[in-house]
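These numbers were taken from a predicted model, which means no experiment stands behind them. Numbers here simply count residues along the sequence, with the first being 1. Computed over heavy atoms, backbone and side chain alike; hydrogens, waters and symmetry mates excluded.
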Amino acid sequence: MSLTPGVLYLLASVGCSVTVAVLLKLARRYDIDVRQAIAVNYAVAALLCWAVLRPDTATLMTPHTPWAVLAALGVLLPSVFLAMAAAVRHAGIVRSDAAQRLSLFIPLLAAFVLFGEPVSGRKLAAILLAFTALACLLRRAGSGRSGHRNPMPGHPASGSPESGSPASGHPASGGSSTGPAAPDGRSLWVWPLVVWAGYGVIDILFKQVARAGTAFSGGLLLAFVLAGLLMLAYLLARRVRWERRHLLAGVALGLANFGNILTYIRAHQSLPEHPALVFASMNMGVITLGTLVGALAFREPLTRVNALGIVLALTAIVLMAPW
């Protein structure tokens, strides 16, 4: 595959997506309040959306604008982002990125169940493989209360994900630690499962926005603004202590988050005849790169069953792509 502009956009989109997970992974190490970072992330993303995509805000003032759906997005976007942060912290980049990418099968299932789309054998096989992959990814070895797992060769157990308070949505106080704490067994599967379900519902809601005739850029801008305002109201109500480093972390998060969206759009625009290539390469690339980064940079242990889940996830994505 030659490095055409479309391919470069695709590589950049994969890199930005994994960068978001890496930033969330590093948040506890540098004692970053993820709540503040996520709030700033949406402000940055909204500004970039307005400046780069130039949405026509007048189209949002029509009677057909699905305000209830957009309001739901405003609530779900920051909520699921906080869940993603907890998933990365407790279950690692590998499981979290894979769970997020497997969420694309929820809209496919909804199309069959809710919208009457005919079921094909290939798509049904992809859905079954995706659910099997998710079960393998969320499985942990052993039944000990401490959540210890038998790592694959070359992945020492000492690199298990850091722990924090999942309910708070931000890292536990105390700064970086000398060694990551062993996560409890429930956190290893609950948070990736929330990410999987949450991003799947978000995808369905964005499809509903498109079905209502709302332009993608306008709907995206409004969703970012609502999400940012909600996070701001929550933080003001909690009377958080604003700090520059948390805000700067949010700027980095927003740049990576919007960069992922923009380059993915540009990849589709640059490769209009190859939508399946963009779709499959993006999702497979994120899972593959996320696995490499998690295993090599953060030494996240994976069992053989988890590794099988990665393979099944990649296979399911290939089957689902509209070849």
Side-chain angles (χ1 to χ4, degrees), residues 10-30 83-103 129-130 132-142 144 146-164 166 171 176-185 187-196 199 253 256 260 280-318:
L10 194 53
L11 292 174
S13 186
V14 170
C16 287
S17 180
V18 176
T19 297
V20 170
V22 170
L23 291 172
L24 293 174
K25 180 77 173 180
L26 293 173
R28 182 179 185 272
R29 180 177 298 178
Y30 295 101
M84 181 68 175
V88 168
R89 186 167 62 249
H90 291 288
I93 292 174
V94 179
R95 288 180 177 84
S96 303
D97 270 341
Q100 181 183 359
R101 292 297 147 183
L102 284 173
S103 68
L129 273 179
T132 305
L134 189 66
C136 291
L137 285 166
L138 301 182
R139 181 179 174 136
R140 66 189 184 96
S146 63
H148 291 301
R149 290 153 290 168
N150 297 322
M152 293 183 65
H155 300 286
S158 60
S160 57
E162 296 96 346
S163 65
S176 59
S177 58
T178 56
D184 64 90
S187 297
L188 287 172
W189 63 268
V190 167
W191 290 112
L193 196 59
V194 172
V195 166
W196 172 75
Y199 277 110
L253 199 60
N260 172 37
S281 298
M282 174 63 187
N283 290 288
M284 293 177 68
V286 170
I287 291 177
T288 303
L289 182 59
T291 300
L292 291 174
V293 171
L296 299 179
F298 296 100
R299 297 191 178 277
E300 295 176 359
L302 287 177
T303 67
R304 288 180 176 84
V305 175
N306 299 151
L308 175 62
I310 297 293
V311 174
L312 292 177
L314 296 176
T315 306
I317 289 169
V318 171

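One finds the CE atom of Met84 at 13.0 Å from the CH2 atom of Trp191 (value rounded to the nearest 0.5 Å). Expressed to the nearest 0.5 Å, how far CD1 of Ile93 lies from CG of Leu289 amounts to 9.0 Å. With rounding to the nearest 0.5 Å, the separation of CG in Leu314 from CG in Leu129 is 11.0 Å. Expressed to the nearest 0.5 Å, how far CG of Leu188 lies from CG of Leu138 amounts to 9.5 Å. For the atom pair OG1 (Thr303) and CG (Leu137), the distance works out to 9.0 Å, reported to the nearest 0.5 Å. The CZ atom of Arg101 sits 13.0 Å away from the CD1 atom of Ile310 when rounded to the nearest 0.5 Å.
Nearest approach of Ala87 to Pro192, heavy atoms of both residues: CB-N, 3.9 Å. Closest approach of Val18 and Gly290 over heavy atoms only: CG2-N, 4.0 Å. Here the closest heavy-atom approach between residue Ala316 and residue Ala130 is recorded as CB-N, 3.8 Å. Among all heavy-atom pairs drawn from Leu102 and Trp196, the shortest one is O-NE1, 3.3 Å. Of all the heavy atoms in Val88 and Ser96, the pair that sits closest is N-OG, 3.2 Å. In terms of heavy atoms, Thr19 sits closest to Ala256 at CG2-CB, 4.0 Å.
Contact of the Leu134 side chain with the Leu312 side chain is not registered, since no non-hydrogen atoms from C-beta on lie closer than 4.5 Å. Annotation: side chain of Ser17 is in contact with side chain of Met282 (closest heavy-atom distance under 4.5 Å). Proximity of Ile317 to Ile287: side-chain heavy atoms (C-beta onward) are separated by under 4.5 Å at one or more points.
Side-chain N/O atoms of Arg139 and Asn306 include no donor and acceptor closer than 3.5 Å.
Not a single donor-acceptor pair under 3.5 Å links the side chain of Ser187 to the backbone N or O of His90. Ser103 places a side-chain N or O within 3.5 Å of a backbone atom of Gln100 that can act as its donor or acceptor partner. Under the 3.5 Å distance criterion, the side-chain polar atoms of Glu300 are matched with a main-chain donor or acceptor of Val94.
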Practice problem: Give the intermediate values and the outcome of side chain to side chain contact (heavy atoms under 4.5 Å, CB included) for residues Phe298 and Leu26. | Solution: CA-CA 10 Å; Phe298 296 100; Leu26 293 173; 3.8 Å; yes

